[in-house]
Undergrad: 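Please find one structure pasted underneath; my questions will follow.
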Amino acid sequence: MNELVFFINNVVIAGSVSGSIYAMGAVGVTLIFSIMRFAHFAHGDMMTFGAFMVLLLTTLFPQAGAAIGIPTPILLMPLAMALTAALAVGIDRTFYKPLRAHGVKPIVMVIASLGVTLMLQGLIRLFAGTGGSSLYVDDRKEIFRLPVPIESVRVPVVITEPQLYLFGLTILSVIGLHLFLSRSRLGKAMRAMSDNPDLAQASGINTNTIVAVTWMLAGGLAAIAGTLLSLDVTFKPDLSFFLLLPIFAAAIVGGVGHPFGAIAGGFVVGFAESLAVFNWSVLLRPFRDSLPEWLELPANLAFVGTEYKIVVPFFILVAILVWRPTGIFKGKVIT
Amino acid sequence: MPLLDARDVYGGYGGMNILNGVDMAIEATEVGVIVGPNGAGKSTMLKAIFGLLSVNQGEILLNGETIHNLPPNKLVQRGMGFVPQEHNVFPSMTVQENLEMGAYLKPDNIKRMLERVYEFFPPLKEKRHQPAGELSGGQRQMVAMGRALMPEPDLLLLDEPTAGLSPLYMNEIFERVKEVNAAGVGILMVEQNAKQALAIADKGFVLAAGQNRFTDTGAALLADPDVAKSFLGG
Ligand SMILES: Nc1ncnc2c1ncn2[C@@H]1O[C@H](COP(=O)(O)OP(=O)(O)O)[C@@H](O)[C@H]1O
Ligand SMILES: [Mg+2]
């Protein structure tokens, strides 16, 4: 039974953590694609930027959270979301909008977003340095060890405070997004523009407003995901290197243009990663005696080493593009 | 004063003129029908009226006010609705959501106009929670017309509403067009099914090569042997 708890900690919890983060990034990528029809490569850096804003604010007001009894970085996150949303709208106005107005091909937009990636990374390095830094300035990361009420089990289920916040906020974001897209006038207009931009315009929908709202949503969600990732591990200016491939894999697995597909895709990629790096030898060990003698159980039996985790989304991406380029939920094919 | 008055309109895509001095006027109570060979500029004329391309010369008046080169959303506010020939629904959205989008600029209309649209097109009420992309061609056309009716336009522009439909559905659509017109909406529609369309037309316009060739009442055009010989297939 200890082995099962080990599995819960390393696969179920770890997979849900990465899954939630990828989901929130992938939703942004998919929304941006469905409204503006290009793959936004600077999205990972928008996530980093959100975390960087939290770092900045937390450094400025390290004790803000103590007054109310929640961690300062969490308290200041809404402000960071607003700043990231503003940054996203600002970047669009400055870099992408003029290109759109010229009617450039999507590939030009993609290359522009690569430029934005480099610019954002430079900007963040300029202020935050090149190394890692903890978002916990005055607070301590709470780690909960939950004992399992079975006698033979001595290993506790381990979950941290930021992970609990992450799960809670992911659930809230998914519900919020669903209500926004299915109930609100603006959300429906967004789906209309994704379906048929010309007809949306002919119906009197102001497409500039929809574009701005899309950036705000994508930026806000990116800030949540980036912040909670940095709280779970640590803040680094090059976080996007570890995010870009999984979030695009998630968006494509889910069918580009389907926000809820992107969320499902995020969890598919997150769980695939944690299953791939899980040491299966641990689960087999209790059955050691019943295994044939010639089969010696190696100490580590994982599909890929943790340091090569990034190949998992890569393979998922290749596989889905070969077998089902429209994703699980029949999305658009990124061209 | 005519509802729509287009005078000597020149316009097209890029610098090239497709329309070379088109005149077109209809009254608020009328159904106007534009016919003519493929590539004559019929669709282009509707797009010019709805502000989707630049009018280089001439004048377009709606209720006596000049509207040429106003953007589509402004024209919707001034009482114009447009149903393009293709891609005229939001396929992944339900029938009802499609209709709601039509009233995007007049959200107060939604409740009342949904009822009216469902009265005009009863099949839509049954299918209101189904994605519009899953409907048959004829029902999609009803959704498209319903969407354009939601803001209560004075003038409805229809581009080939019966293209690709079976004769049964074609007649059904023409019936609905007549009813919508009787309810007080001026209609200007482009049609390939010229004879049937001219039969319900108060005014007919025969376009060729971006110019008016014949303009008269629908009945007079149908009776004119010259029109019949060159444009109605004998
Ligand atoms: N989007 C466009 N860009 C450039 N030329 C176009 C476009 N749409 C139509 N045309 C051209 O304009 C002319 C008139 O087309 P159209 O108005 O669609 O004819 P129709 O009378 O069959 O509706 C045609 O020669 C067509 O090739
Ligand atoms: Mg046409």
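Quick note on labels: first sequence line is chain A, next is B, and so on, each numbered from 1. Since this is a predicted model, take the numbers as computed values, not measurements.
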Undergrad: Can you name the closest pair of heavy atoms from B:N88 and A:N196 and give their distance?
TA: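 B:N88 and A:N196 have their closest heavy atoms at N-ND2, 4.4 Å.
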Undergrad: What part of A:T207 lies closer than 4.5 angstrom to a heavy atom of chain B: side chain, backbone, both or neither?
TA: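 Contact with chain B: none, neither part.
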Undergrad: Between B:P72 and A:A202, which heavy-atom pair has the shortest distance, and what is it?
TA: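 For B:P72 versus A:A202, the nearest heavy atoms are CB-CA, 4.3 Å.
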Undergrad: Mind checking the CG-CG spacing from A:D198 to B:L52? Nearest 0.5 Å is all I need.
TA: 8.0 Å
Undergrad: Heavy-atom pairs under 4.5 Å with chain A are the metric here; pick the option from B:P91, B:A148, B:G133 that has the most.
TA: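 The candidate making the most pairs under 4.5 Å is B:P91.
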Undergrad: Checking B:V89 against chain A: side chain, backbone, both or neither under 4.5 Å from a heavy atom?
TA: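 Backbone of B:V89 only, per the 4.5 Å heavy-atom cut-off to chain A.
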Undergrad: Taking the cut-offs as 6.0 angstrom to the six-membered ring centre and 45 degrees off its axis, would you call A:R191 and B:F90 a cation-pi pair?
TA: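 Pair A:R191/B:F90 does not count as cation-pi.
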Undergrad: Which distance, rounded to the nearest 0.5 Å, do you find between the CE of A:M193 and the CE of B:M101?
TA: 13.0 Å
Undergrad: Just so I understand: if I count every heavy-atom pair under 4.5 Å between each of B:M80, B:E100, B:E97, B:M93 and chain A, which residue has the most?
TA: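 The candidate making the most pairs under 4.5 Å is B:M93.
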Undergrad: Does A:R100, at its CZ atom, have more than 12 non-hydrogen atoms belonging to other residues, nucleotides or ligands within less than 6.0 Å?
TA: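 Yes, because the 6.0 Å sphere around CZ of A:R100 holds more than 12 heavy atoms from other groups.
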Undergrad: Is B:P107 close to chain A through its backbone or its side chain, or both, or neither, when contacts mean heavy atoms under 4.5 Å?
TA: side chain
Undergrad: Does any heavy atom of chain A fall under 4.5 Å from the side chain of B:Q77, the backbone, both, or neither of them?
TA: neither
Undergrad: Give, as side chain, backbone, both or neither, the part of B:P84 having an atom under 4.5 angstrom from any heavy atom of chain A.
TA: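 Contact with chain A is through the side chain of B:P84 alone.
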Undergrad: Quick one, B:H87 and A:L199 - any side-chain contact, counting heavy atoms below 4.5 Å?
TA: no
Undergrad: Mark yes when over 12 heavy atoms from residues, nucleotides or ligands other than B:Y13 sit less than 6.0 Å from its OH; otherwise mark no.
TA: yes
Undergrad: A quick test of your reading: do over 12 heavy atoms of other residues, nucleotides or ligands sit less than 6.0 Å from CD of B:E126?
TA: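 Result for CD/B:E126: open.
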Undergrad: Just so I understand: if I count every heavy-atom pair under 4.5 Å between each of B:F50, B:Y104, B:F82 and chain A, which residue has the most?
TA: B:Y104
